[in-house]
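Taking it in order: structure first as structure tokens, then the write-up.
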Protein chains: 2
Amino acid sequence: MLHKVDDILSKHALRRTAFRQELLKIFIESGSRALSHTDIEEALGDHDRITLYRTLKSFQDKGLIHEAVDGGKDTKYALCQNQCDVHHHIDHHPHFLCESCGVTYCMDEIKIPDFDLPRNYTLKGMHLALSGTCASCSKV
Amino acid sequence: MLHKVDDILSKHALRRTAFRQELLKIFIESGSRALSHTDIEEALGDHDRITLYRTLKSFQDKGLIHEAVDGGKDTKYALCQNQCDVHHHIDHHPHFLCESCGVTYCMDEIKIPDFDLPRNYTLKGMHLALSGTCASCSKV
DNA sequence: TATCTTTATGAAACAATGTTGCATAAAGTA
DNA sequence: TACTTTATGCAACATTGTTTCATAAAGATA
């Protein structure tokens with residue numbers, strides 16, 4: 001695991017510090033679930049608030065994580081799947097916020113369908129934020 | 001105008017206070033442009049910050065305005081077109097954030113296309129947040 | 001390994017944003 | 001008008017995010 005973590009860090013030109021290794025590990029373990037600031041703070045245990053803000057920003061800038069826009073009030077972050085780097089993010093999958101358990105999922109397998117934009121508008125970014133009840137909560 | 005404003009307020013069971021009349025007027029004048037907290041504060045001139053927070057919440061609860069999820073960091077609000085009320089919001093149009101001028105537009109004329117959700121997920125809400133260059137900024 | 005340069009960390013102080021409680025004022029109602 | 005309900009304005013508080021700066025650690029070089 002530490003090897004995988006270090007691999008990702010160096011691939012994205014990020015120095016391998018203890019904090020970054022730990023944070024990245026948390027993201028990897030969370031899979032397609034996006035993490036809020038609070039989620040991360042709990043997972044980290046004792047840590048420095050400011051360093052977390054800065055590390056999240058670095059991770060985002062370098063293309064390791066993306067902001068999961070889910071329409072909720074907390075900003076959440078999730079691992080990028082692959083080809084994101086410092087130059088561009090390609091995170092065009094929907095995010096689903098479960099109103100029951102509060103978890104946000106990256107729906108990597110779903111493609112956002114095409115649609116027509118009014119004349120003279122140029123599209124660069126796109127977020128589809130869904131909400132409702134997730135599979136686990138539906139079963140109960 | 002004041003007549004129209006009062007009409008809307010009473011239709012949504014909101015007392016007609018000077019503050020609400022003024023705020024609603026600002027929203028009506030902004031048309032399909034969504035307003036950030038800052039936009040509103042500037043338009044209002046001298047006012048009470050807390051009352052603004054509370055009035056925005058009332059307007060939202062009663063179905064006068066909706067939050068325009070645009071993927072940006074400032075929350076923005078825009079007038080609901082019609083059939084929203086205290087029971088439900090029906091604001092399923094995309095929002096477009098112009099990266100050049102910072103304005104967010106409600107794209108009421110565009111319908112968010114359908115897509116398939118994984119098994120056992122129930123969809124309740126939906127936001128399509130677009131960004132890029134708006135028509136006015138493209139022309140320059 | 002020892003040294004140097006660059007970048008990250010941690011702490012304090014600050015700034016911005018949003019919330020709660022409460023007394024007063026105003027709106028709607030009889 | 002008197003009465004009831006709701007909104008306003010203020011203070012105090014809580015939360016969230018940012019800036020500055022000295023120190024520590026990482027990566028590079030010899």
Side-chain angles (χ1 to χ4, degrees), chain A residues 2-3 5-27 34-65 67-77 86 102, chain B residues 2-3 5-27 34-65 67-77 86 102:
Chain A
L2 189 59
H3 182 257
V5 160
D6 285 350
D7 238 39
I8 298 178
L9 286 177
S10 52
K11 187 180 290 178
H12 291 87
L14 285 163
R15 289 193 175 180
R16 295 175 288 157
T17 68
F19 193 96
R20 288 173 179 180
Q21 289 168 332
E22 209 184 333
L23 183 60
L24 183 48
K25 200 164 129 261
I26 290 168
F27 273 112
L35 302 173
S36 70
H37 229 269
T38 314
D39 294 335
I40 299 168
E41 303 226 324
E42 279 168 9
L44 278 175
D46 191 45
H47 70 283
D48 181 67
R49 226 164 53 84
I50 293 98
T51 303
L52 177 54
Y53 278 114
R54 282 190 287 218
T55 309
L56 285 173
K57 191 172 184 314
S58 309
F59 278 17
Q60 231 184 318
D61 291 347
K62 295 296 170 74
L64 272 79
I65 61 173
E67 198 177 313
V69 175
D70 66 0
K73 54 194 165 179
D74 318 323
T75 43
K76 296 187 181 175
Y77 303 89
V86 68
Chain B
L2 189 58
H3 182 256
V5 160
D6 285 350
D7 238 39
I8 298 178
L9 287 176
S10 52
K11 187 179 292 178
H12 291 86
L14 286 163
R15 289 193 175 180
R16 295 175 288 159
T17 68
F19 193 97
R20 289 174 177 179
Q21 288 168 333
E22 208 184 332
L23 183 61
L24 183 49
K25 201 164 129 258
I26 290 168
F27 272 112
L35 302 172
S36 70
H37 229 268
T38 314
D39 294 335
I40 299 168
E41 302 225 325
E42 279 168 9
L44 277 175
D46 191 46
H47 69 284
D48 182 66
R49 229 164 50 85
I50 293 97
T51 303
L52 176 54
Y53 278 113
R54 283 191 284 220
T55 309
L56 285 173
K57 189 169 187 315
S58 308
F59 278 18
Q60 232 183 317
D61 291 346
K62 296 297 170 75
L64 272 79
I65 62 174
E67 197 177 313
V69 175
D70 65 1
K73 57 194 163 176
D74 318 322
T75 43
K76 296 187 183 176
Y77 303 90
V86 70

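Computed from a predicted model, the values in this text were never measured in an experiment. The sequence lines fix the lettering, A, B, ..., with proteins before strands; numbering per chain opens at 1.
A salt bridge is absent between A/K11 and A/D7: the closest approach of a Lys/Arg side-chain nitrogen to an acidic carboxylate oxygen does not fall below 4.0 angstrom.
Nearest to the side chain of A/Y53, among C/dA11, C/dT19, D/dG17, sits D/dG17. Counting only heavy atoms from C-beta on, A/D48 has its side chain closest to C/dA11 among C/dA11, D/dT5, C/dA8. Considering only the side chain of A/F19, C/dG10 comes nearest among D/dG9, C/dG10, D/dA7. Of the candidate nucleotides C/dT19, C/dA8, D/dT18, C/dT19 has the atom lying nearest to any side-chain atom of B/I50.
The base of D/dG9 lies outside donor-acceptor range of the side chain of B/R49, with no N or O pair under 3.5 Å.
Counting heavy atoms from C-beta outward, B/T38 and B/E41 have side chains that stay 4.5 Å or more apart. When side chains are defined from C-beta on, A/L35 does not count as touching A/K76, because their heavy atoms never get closer than 4.5 Å.
Judged by closest nucleotide on DNA chain C, B/R54 is the one of B/R54 and B/R16 placed further toward the 5' end. Map B/A13 and A/T17 each onto its nearest nucleotide of DNA chain D; the residue landing nearer the 5' end is B/A13. For B/R15 and B/A18, each mapped to the nucleotide of DNA chain D holding its nearest heavy atom, the one lying further toward the 5' end belongs to B/R15.
Between A/R20 atom CZ and D/dA24 atom P the separation is 19 Å, expressed in whole Å. Counting to the nearest Å, the P atom of C/dT7 and the CG atom of A/D61 are 14 Å from each other. With rounding to whole Å, A/L52 atom CG is found 10 Å from C/dT9 atom P. Atom C1' of nucleotide D/dG17 and atom CG of B/D74 are separated by 13 Å, given to the nearest angstrom. For the pair A/E41 CD and D/dT16 C1', the computed distance is 10 Å after rounding to whole Å. Rounding to whole angstrom units, CG of residue A/D46 and C1' of C/dA11 are separated by 13 Å. The distance from atom CG of A/L56 to atom P of D/dT16 is 14 Å, rounded to the nearest whole Å. The separation between A/L44 atom CG and C/dG10 atom P is 11 Å, rounded to whole Å.
At C/dA8, none of the side-chain N or O atoms of A/T55 fall inside 4.0 Å of OP1 or OP2 (strictly under the cut-off).
Closest of all the heavy-atom pairs between B/L14 and B/S58 is CD2-CB, 4.1 Å.
For A/F59 and A/H12, the ring centers are positioned 6.0 Å apart or more.
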